[in-house]
Amino acid sequence: MVKAKGVTVGISSIYYWIHHGKLGLTKQNLLYPRKGKTVKKQASPNFKPAGQSIEQRPKAINLRLENGHYEIDTVLLTRVKNHCLLVLTDRRSKHQIIRLIPNKSAESVNQTLKLILKQHHILSITADNGVEFRRLSDVFSKEHTYYAHPYASWEKGTNENHNRLIHRWLPKGTKKTTPKEVAFIENWINNYPKKCLDYKFPREDCLLANLNLKFSFKLIIDFYP
C-alpha cells in the first residue's frame, strides 16, 4: 500500500510510528499484527521441589546410557475436568507407556503407576513439580525420583516431544477415548521407526537391550559358576 502511493519511507519506520501511536492507528488496524514478546514465568524464590532436584541426577541418566530411565507427564485432552493420560517415556529407547486415568490427581497417578511398575522395569523417574507428582515417593523409590526445575519443560524434552505424537491421534479438545484406543496409540508409537535409534523401533531397541543384558548376565554366571 505504501509503495503503491509512492511514499519513500522505510517499512520499519512506518511500523515504529504505528506501535508508538504516531499515526493514530492500533494493532487492530493491522492485517497481520505482530505478536508481543511473552514474559517468561519464573519460580518463586521460596519454591521447594517435591524431592531430589534434576541437578542430582546421575550422568548415566543424563547421557542416556541405559534403558529404564523414564520421564513422566500427564496429557490433558480437554480443559474440563475429565479423563486424561499418564505418559512415561524412556529417555534412551523412547519406549512409551500410556495409560488412561480418571483425573489429574496424585491418587490416580499413583494407583496407575503401581500397576505399571508390576509390568515394566523402571530404574528412575523424572517428573515436573505438578501436584499430581508430589507423592510419587509413596509408590516409587525416592532416591531414584528427580524433579525438573519449574517452567523448564525442555528438561523433560523426550516426554514433551512424544506427547505431540499422541496428539496426532487425540488432538486437544478430544472429549472421549477408551483404554483400547490408548493401547493402540501406545503400540503405534512403540513400533514407529526413529532416526535417533538408527531407524529401529523403540520396542525393538528395548528387546535388543534386554537380550544383551541377559547374554551378559549368562556370561558372568558361566565364568563364575
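Keep in mind it's a predicted model, so treat the numbers as computed, not measured. Numbers here are sequence positions counted from 1.
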Do [X] and [Y] share a hydrophobic cluster, counting only Ile, Leu, Val, Met, Phe, Trp and Tyr and linking them when any side-chain heavy atoms are less than 4.5 Å apart?
X	Y	result
L115	L86	no
W169	L76	no
I97	Y146	no
I61	I122	no
Y70	L117	yes

Under 3.5 Å donor-acceptor, [X] side chain and [Y] backbone:
X	Y	value
D138	N110	no
N187	A183	no
N190	Q96	yes
T112	V109	no
D73	V87	no
K156	I72	yes
S53	Q56	no
E160	W154	no

Going from [atom1] on [X] to [atom2] on [Y], what distance comes out if it is rounded to the nearest 0.5 angstrom?
X	Y	atom1	atom2	value
R99	C84	CZ	SG	14.0 Å
D90	N67	CG	CG	4.5 Å
R164	R168	CZ	CZ	12.5 Å
K94	N159	NZ	CG	11.0 Å
I185	T177	CD1	OG1	5.5 Å
Q52	S141	CD	OG	8.0 Å

Give a yes or no on whether a salt bridge exists between E66 and R92, defined as a side-chain N under 4.0 angstrom from a carboxylate O.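 The answer is no: the pair does not qualify as a salt bridge.
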
Using a strict threshold of under 4.0 Å (side-chain N to carboxylate O), is an ion pair present between K104 and E132? yes

Go through the side-chain N and O atoms of [X] and [Y] and say whether any donor and acceptor fall under 3.5 Å apart.
X	Y	value
S93	R64	no
H69	S124	yes
N62	R57	yes
T89	E71	no
E55	H149	yes

Measure the shortest side-chain to side-chain distance between [X] and [Y] over non-hydrogen atoms and say whether it is less than 4.5 angstrom.
X	Y	answer
L113	L88	yes
T178	F184	no
T126	T145	no

Other than L63, which residues form its hydrophobic cluster under the rule that side-chain heavy atoms must be closer than 4.5 Å? L65

Worked check of side chain to side chain contact (heavy atoms under 4.5 Å, CB included) between I101 and H83: CA-CA 6 Å; I101 58 176; H83 284 70; over 6 Å; no

For the rings on Y192 and W188, is their centre-to-centre separation under 6.0 Å?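 Aromatic pair counts; centres sit under 6.0 Å.
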
For H120, which residues count as a ring-ring contact (aromatic ring centres under 6.0 Å, His included) partner, sequence neighbours excluded?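 Partners of H120 by the ring-ring contact (aromatic ring centres under 6.0 Å, His included) criterion, ordered by chain and then number, come out as H95.
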
Check the pair L100, L85 against side chain to side chain contact (heavy atoms under 4.5 Å, CB included), reporting the backbone distance first and the verdict last. CA-CA 5 Å; L100 188 64; L85 303 176; 3.7 Å; yes

P150 and N129: which non-hydrogen atoms are nearest, and at how many Å?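 Here P150 and N129 meet closest at N-ND2, 4.1 Å.
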
